[in-house]
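Here is the structure we will look at.
Start at 1 and go down the list; that is how both ligands and their atoms are numbered.
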Amino acid sequence: MIVYPDEIHDFLLHRHWLEIYNAAAKFLDKHLKGAKTAAPARESQRISKLDTLIRGGSLIDGAGTDAVKADVGVAGDRIVFVGDAAKENLQADRVIDATGLIVAPGFIDPHTHADDDLFDPKRAANLAYLTQGVTTVFIGNDGRSRIPLGKALEQLQSQGVGTNVASFVGHGSVRQSVMGMSDAAPTPEQLEKMKSLVREGMDDGALGLSTGLYYAPGSYAKTEEVIELAKVAAERGGVYDTHQRDESSYTIGLLASIEEVIRIGREAKIPVHISHIKALGADVWGQSGKAVEIINRARAEGVDVTANQYPYVASGTGLSASLLPRWAEAGGRQETLKRIDDPAIRPKLIAEMEQNLKRRGGANSLLILSVSGGGADRSMVGKRLDEIAKSRGKGAVETALEIIKMGGAGVASFNMTESDIENFMKQPWVMTGSDGSSGHPRKYGTYPRKIREYVLNRHVITLPRMIQASSLQVAETFNLKDRGKLGPGYFADVIVFDEKTIADRSTYDKPEVFAEGVKYVIVNGKVAIDGGKYTGATAGRALRKATGGV
Ligand SMILES: [Zn+2]
C-alpha cells in the first residue's frame, strides 16, 4: 500500500482524541463482536457535551435499515452519538427538534455538472444541491475534468464550497490535452502521455477515471485505449465511471454498449459504474429488462458493475451532441462549421441528423433550455424545436444547424419511458445521481422528486432503500471514507426532512426553483440549512479518494 504525504498530513491534523477513540471503537466492533456493548453507551462515557443534538427524529441510517427512533449527536465534524440522548443525559450547545421528521445521512451525488457553480465564488454555496439534502457532489463526469486536478481541488477548498466535492479524472479532457479533437488512435507516445495524466489525476485524489464515449472526443477512443487508461486508475484503486458509448441506437446500440462497459471492467480489473443508465429513444424502449439481465450476469461472474440514475423521462444534453454525428465534430468547432457549409458534405450531414432526430422522438421532443454564442436568440429558451422551426419557416434539422452555427443550445430531450426508469430503479446496484445541468429541473429536484414520486406516490422502492442508494452505497462504491451513514465516527453530513412535504418544485418551464421539505442540512458538523433557510456556511471540503492510511 502506498502512503502519500497528504494522508500523513491528514492523519496528524485529525489526530485528536475523538478520532483515536472512534478508531478504537471501530476496531472493537470489528474484532470483539461477542464482547461488544452498544456503541452509543460507550461513546457517552466520554462525551458529555455535544455541539449539536438532533432529537426525537425518525432515523434512517443509510445502510438500508428501517427507521428507528434515535437522537444524533455531533461534536466537531463527526457524529459521535446515536441513541437515546436523554437516557445518557447528553447536553448540547444546539438542539434541533426533529419530532415527526426523518433524519438521514446527507445525500452523495455521484454525477453532477456542478463544476461551474462551484468554481464561481458567488454560486459556490451549491444551493441547488444543499436544498435537496445533497451534502457531497462528484464532478469531472462524462470524461470532462479539470487538469491538473490537484490544483482545482485546492482552489475549491481554499475558496469555500457549500457541499463537499470530489472529482474524477476525465478521459475526454486527458485525450484532448494530448491529441486535440483528433479522431485518430493515439500513437504509443500519446498513449503513454495520456496514462501519465490519468496517473497524475489519481495521485491528486481522483475517485477514478470518467469517460464520455458518446461525446467527442471520447467517442474517438477504441475500447482498447479505454482499457489501457482504466488499468492505470485500477492500479490506484479507482472506479471507472462512464457515460457509455450508446444509450440508444446511434452506433453500437444500448446492449452492446453495456457489454463494452463490462469488458472494460473485466480486462482492466476495475469496478465499473454506468452513469445515468437509461433506454434512450423508441428503438430501445423496453430494453431495460435485457440490460439488467446482462449486468446481473456480469456481476455473478465477478465484474463489479453498478449504475446511477435520475428520475426524469427527459435527458439533458447539447443540441449538437444529440443531433450531430460524431464524425462531423472531428477536429473541433471550426471544422464542424466548415462541414455544415460544405455543399459536398451537407446533404449527408442532414440525412444523418434526420435519423438522429427520429431516434430522439422528433422535433417536438427537444426543448431548448439554454442558448450559447454572442448572437444567440434567447427567446428560443423554453420552446420546442418544432415550434422554432415553424416560426422560421424551415425544417427542424435546418433550424438546428442554424442554432448550432450561432453557438449551440442546451436541450431537454424527452426520450425515456417510466417503465424502464422504474425497472432500473428497483435494481439493488442502481444508485441516485442527478446529472444536474443548467436548465434541466433535475439539478434542483432529483432527490426530493425521487422520494415524493417514486417512493411515496408510486412505491417503486422503499424510503430506506432510496436513502441507501443516495448515501452509503455511493460512498462505498467510490471509496469515500467515513461518509454516507449515520453512525458514530462518520462525518457529520446529516439531513432532516419532512416526509409530508418533501417535493421537487423545479419544472421544465421553471427549472431553477428550490425543492421543499428539507429542514436542516449539516455539512461536516456545521448547520448549512437551518429551518429551511441557508445559513451562509461553506463547510464543504474537497474530498480525495481514500488510498489507504487514515
Ligand atoms: Zn452524461
*Sub-2.8 Å protein N, O or S atoms surrounding the Zn ion (ligand 1)*: Asp142 OD1, Asp142 OD2, His243 ND1, His276 NE2
_Give me each pair satisfying salt bridge (charged side-chain N to carboxylate O under 4.0 Å, His left out) with a member in residues 433-442, each pair once, sequence neighbours excluded._
Asp435-Arg442
*Sequence neighbours left out, what pairs pass salt bridge (charged side-chain N to carboxylate O under 4.0 Å, His left out) with at least one residue falling in residues 132-151?*
Asp115-Arg146
*Would you call Glu267-Arg263 a salt bridge at under 4.0 Å N-O?*
yes
*Is any side-chain N of the basic residue among Glu225 and Arg175 closer than 4.0 Å to the acidic one's carboxylate O?*
yes
*Salt-bridge test for Arg339 and Glu329: reply yes if a basic N is under 4.0 Å from a carboxylate O, no otherwise.*
no
*Can you list every pair that meets salt bridge (charged side-chain N to carboxylate O under 4.0 Å, His left out) and has a residue in residues 303-322, with sequence neighbours left out?*
none
